[in-house]
Amino acid sequence: MTITHRSVLNHLAGGELVEAIESDVKRCALRARLAPDKAARDPAEIGAEVIATLMPRWQCILDSDDSITTPLYRHTTALALATALHQQGFRAPALTARALTAITALNDAVALSDHFYRKSGEIRALLQSAPLMPARRPPHKKSLTLWRAGDVASVQVDDHFHAMYVLQVAHGAPIVEFYDYLDRQPPTMDTLRALRARGTPASDEGSCLDRHALFGLVHQPDPAHQFVLLASAVDGPDNQHLQRRDGLYVVSDVFRLTQDLRARHPAQR
């Protein structure tokens, strides 16, 4: 029987890790393919956008060390990412090379089944073949979340860290605001207790509340290790110094938030 992307992902036995990767790849692919100019865009151009959007989140795992994740977890992540991207018609050469290395490492560690071992040659050939973008766009998946009001989390973007607070959950998404924190080291609750909420510039006179409905943040703990829970059931940062907006929050997701934080804080890049 010919190996398929679905069978490769099933063999990885990654549980929530593989599920999260598939969901993230499909979310990014759907977003790119819904662009107004999609009919005129080359699949390679769409793929480049998908990979550029997806990878900053999952680099949190791929670039981590043994104090954060195990080598086998990183290998599984690389292989699942490469497979899920290829399934949607995209390929990143550096990620594919890492996935091929992961196949060897997983087999050497006897981490997966005999069937995976026997099919390793076919899996390698599949990942190195020219990807074909499916005619149908990935379906939109209803958002649910295991995050709760009162949660505090560290948020990694590139090599810097932010800190967020979950105000409530609405329509399956955490509604979050941020502490006034940006550093190369992850925040601690001792540090955050002394900080106020961070706003977004509104005028010369002050800043406004900065709240986001964060769709796509589903699992707790986060398999990508981008959002790391620090505390639960605590009071949020003081935001009385911030002006109120007409709207309640900005509708966003984990990828738009990453791009937004990069744009607002270019020194972190």
Side-chain angles (χ1 to χ4, degrees), residues 1-35 38 41-63 69 71-109 111-113 115-141 216 218-219 223-226 253-255 258:
M1 183 180 296
T2 303
I3 199 74
T4 65
H5 300 98
R6 179 74 268 149
S7 60
V8 175
L9 293 169
N10 287 343
H11 277 300
L12 290 182
E16 290 185 348
L17 170 63
V18 173
E19 178 185 337
I21 286 172
E22 283 194 274
S23 178
D24 280 3
V25 169
K26 289 177 180 178
R27 176 179 287 272
C28 292
L30 177 61
R31 173 181 167 183
R33 294 183 64 177
L34 284 174
K38 64 182 183 300
R41 300 177 74 195
D42 183 79
E45 182 184 353
I46 296 174
E49 179 183 328
V50 170
I51 292 163
T53 303
L54 175 77
M55 292 310 293
R57 170 162 162 75
W58 288 95
Q59 288 296 150
C60 297
I61 288 295
L62 297 179
D63 293 342
T69 59
L72 290 181
Y73 193 92
R74 295 193 290 274
H75 288 314
T76 302
T77 298
L79 182 51
L81 282 167
T83 303
L85 281 167
H86 196 279
Q87 184 179 37
Q88 294 301 321
F90 314 122
R91 183 172 61 185
L95 180 61
T96 299
R98 186 159 181 171
L100 298 178
T101 299
I103 294 172
T104 300
L106 290 166
N107 283 331
D108 289 346
L112 301 176
S113 65
H115 185 72
F116 179 88
Y117 177 81
R118 292 193 298 270
K119 292 290 185 177
S120 292
E122 293 182 41
I123 296 171
R124 290 175 180 276
L126 175 66
L127 294 180
Q128 293 178 94
S129 65
L132 179 63
M133 193 164 67
R136 284 189 172 186
R137 296 189 297 262
H140 176 74
K141 187 176 181 181
V218 176
H219 300 285
H225 205 78
Q226 183 182 16
D253 65 16
V254 293
F255 302 105
T258 296

Exercise. Would R74 and T69 count as a side-chain hydrogen bond (donor to acceptor under 3.5 Å, both in side chains) if you check the C-alpha gap in whole Å, the side-chain angles of each, and the deciding distance to 0.1 Å?
Worked result: CA-CA 7 Å; R74 295 193 290 274; T69 59; 3.0 Å; yes

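In this structure the side chain of V218 never reaches within 4.5 angstrom of the side chain of S23, judged on heavy atoms. Residues F90 and V25 are not in side-chain contact: their nearest non-hydrogen atoms beyond the backbone lie 4.5 Å or more apart.
Scanning both residues, L54 and L81, for their nearest heavy atoms gives CD2-CD2, 3.9 Å. Residues A78 and R98 come closest through the heavy atom pair CB-CG, 3.8 Å. The minimum heavy-atom distance between A105 and L72, with the atom names listed, is O-CD2, 4.4 Å. Contact between P223 and A20 at its shortest, heavy atoms only, is CG-CB, 3.8 Å. Here the closest heavy-atom approach between residue V50 and residue A29 is recorded as CG2-CA, 3.8 Å. Nearest heavy atoms, H11 versus L112: O-CD2, 3.5 Å.
Residues satisfying the ring-ring contact (aromatic ring centres under 6.0 Å, His included) test with H219, not counting sequence neighbours, are none. For Q226, the side-chain contact (heavy atoms from CB on, under 4.5 Å) partners two or more places apart in sequence, or in a different chain, are R57, C60, V157, D222, T258.
Taken to the nearest 0.5 Å, the CE atom of M55 stands 10.5 Å off from the SG atom of C28. A distance of 12.0 Å separates CD1 of I21 from CD of E16, quoted to the nearest 0.5 Å. With values rounded to the nearest 0.5 angstrom, D63 atom CG is found 13.5 Å from W58 atom CH2. Considering NE2 of H75 and CG of L62, their distance stands at 11.0 Å, rounded to 0.5 Å. Interatomic distance, T96 OG1 to L79 CG, rounded to the nearest 0.5 Å: 10.0 Å. Atom CD1 in I103 sits 7.0 Å away from atom OG1 in T83 (nearest 0.5 Å).
Between E49 and R33 there is no salt bridge, since none of the side-chain N atoms of the basic residue sits less than 4.0 Å from a carboxylate O of the acidic one.
A donor and an acceptor atom, one from each side chain of T104 and R124, are located under 3.5 Å apart.
Checked options Q87, E22, Q88; the residue passing with H5 is Q87 (criterion: side chain to side chain contact (heavy atoms under 4.5 Å, CB included)).
Looking only at distances, a side-chain donor or acceptor of R91 sits under 3.5 Å from a matching main-chain atom of S129.
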